[in-house]
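Have a look at the structure below before the remarks.
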Amino acid sequence: MPELPEVEITRRGISAHVTGRTVAAVEVREPRLRWRIPEPVRELVGRKVRAVRRRGKYLVLDCDDVCLILHLGMSGSLRVLPVGTPPQKHDHFDLVFHDCMLRLRDPRRFGSVLWIQGPEDGHPLLAQLGIEPLSDELDGARLHALTRGRRTSIKGFLMDGRNVVGVGNIYANESLFRAGIRPSRRAGSLSLERCTNLTRAIKRTLQAAISAGGSSLRDFVRSDGRPGYFQNRYRVYDRAGKPCRRCGASIRRAVQGQRATFYCPACQR
DNA sequence: AAATTCTCCTGAAGGC
DNA sequence: TGCCTTCAGGAGAATT
C-alpha cells in the first residue's frame with residue numbers, strides 16, 4: 001500500500017519522463033475514485049508539466065498555473081507507458097503526452113485525482129498536512145513538543161497526517177520497532193530522548209524503503225512496472241508469531257484503531 | 001479539541 | 001470445486 005516511500009519512488013520514476021512535456025490529452029475511463037475526478041482536469045491539455053513534487057502521500061504535478069494532484073490510495077500505481085497501450089482492468093485515468101503517457105491503475109479506487117488552480121497547498125485536502133518526516137523539520141525536539149499532552153497512541157499520532165505526513169501502517173510499525181517503542185504507548189509519555197530516537201528511526205526506515213524500491217504487497221509497482229522489495233525486509237509488519245529478528249521473541253499482533261499493529265513484546269516498551 | 005468509529009472498494013484467503 | 005464471508009487499508013467524515 002503506497003506510503004511515502006512508494007509515492008517517492010513513483011515520483012522519481014515519472015519525473016524525467018514528464019517534466020517539460022506538454023499534456024496532449026486527458027483520458028478518464030472511470031471517474032468514480034475516492035472523489036469523482038473533477039471535469040476541469042481536461043483543461044490540462046496544452047499545459048506543460050514544470051515539476052513533479054511530493055507532499056506526504058500526494059504527487060503534485062505543477063502544470064503552469066495549475067496543479068494536478070494524485071493520490072494512490074492503497075492499491076494505486078502510476079506507470080509510464082507508450083501512447084496507445086490498451087487499458088486493462090482498473091486503469092482509470094491517463095495523462096497523455098506526445099511520446100508517452102502516465103496511467104493510473106487502482107483496483108480499490110481509494111486513490112484520487114484532484115485539480116487546483118494555483119499552488120497545491122490551496123487545496124483543502126493538502127492545506128492541513130503536517131511535517132515532512134524526511135525534512136530537517138522533524139527532529140526529536142519538534143516531535144517532543146508536538147506530542148505533549150496527547151493521550152492518543154504514538155502509532156496513531158504518527159499515522160495522522162495532520163501531525164506527520166506519509167507514515168502509514170507499515171512504516172509506523174517498522175519505525176516503532178526500530179525505536180524500541182511499544183505502538184500503544186501514549187504519545188505524550190515519550191521522553192525527549194525517545195522522541196529523538198523515534199525521529200531517527202522514522203527517517204532510516206523510510207530511506208531504507210526508498211532504497212529498496214518501496215514495498216509491493218499486492219498492487220504496488222514502480223512506474224516501469226517492476227515491484228519494490230522492502231516487504232522482504234520487514235522486521236515486524238505481518239510477522240505475527242514469527243521470531244523477532246533482533247531477540248527471537250515471538251512477534252505479536254494487536255488491533256489498534258481498527259488497524260493491525262505488530263510489535264516485539266521484548267524489544268518494544 | 002481530541003479521540004474514536006464508520007465508510008468507500010476489490011481481491012485474496014479461509015471456511016464449509 | 002465453488003460459493004459465501006471476512007479482512008485489509010488511506011484518510012476524510014461523522015460521531016462521541
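Hydrogens, waters and symmetry mates play no part in the numbers below; they use all other heavy atoms, side chains included. Because the structure is predicted, anything quoted here is derived from the model rather than measured. The sequence lines fix the lettering, A, B, ..., with proteins before strands; numbering per chain opens at 1.
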Write down the distance between [atom1] ([X]) and [atom2] ([N]), rounded to a whole number of angstrom.
X	N	atom1	atom2	result
A/D238	C/dA8	CG	P	10 Å
A/R36	B/dC9	CZ	P	12 Å
A/N163	B/dA3	CG	C1'	12 Å
A/R105	B/dC9	CZ	P	20 Å
A/N169	C/dG9	CG	C1'	7 Å
A/R259	C/dG12	CZ	C1'	12 Å
A/L129	C/dG10	CG	P	15 Å
A/W35	C/dG10	CH2	P	14 Å

Under 4.0 angstrom, heavy atoms only, what part of the nucleic acid is A/G73 near: base, sugar-phosphate, or nothing? sugar-phosphate
Short side-chain N/O contact from [X] to OP1 or OP2 of [N], under 4.0 Å:
X	N	value
A/Q258	B/dC6	yes
A/H71	C/dG12	no
A/K89	B/dT10	no
A/R109	B/dT10	yes
A/Y171	C/dG10	no

Please compare A/L125 and A/R108 by the position of their nearest nucleotide in DNA chain C and report the one closer to 5'. A/R108
Choosing from [options], which nucleotide comes nearest the side chain of [X]?
X	options	result
A/E3	B/dA3, C/dG10, C/dG9	C/dG10
A/H90	B/dC8, B/dA3, B/dT10	B/dT10
A/Y58	C/dG12, C/dA8, C/dG10	C/dG12

Pick out which of A/D62, A/D65, A/T22 makes a side chain to side chain donor-acceptor pair (under 3.5 Å) with A/R47. A/D65
When rounded to the nearest 0.5 Å, the distance separating CG of A/L68 from CG of A/L114 is 8.0 Å
Does A/R204 CZ have over 12 foreign heavy atoms under 6.0 Å away? no
When the ring planes of A/F230 and A/Y171 are compared, do they come out parallel, tilted or perpendicular, using 30° and 60° as the limits? tilted
I'd like to know if A/R162 reaches the base of C/dG12 with its side chain such that a donor and an acceptor end up less than 3.5 angstrom apart. no
Any donor-acceptor pair under 3.5 Å from A/R21 side chain to A/M101 backbone: no
Do A/F110 and the base of C/dG10 stack face to face, with centres under 5.5 Å apart and an angle between planes under 30°? yes
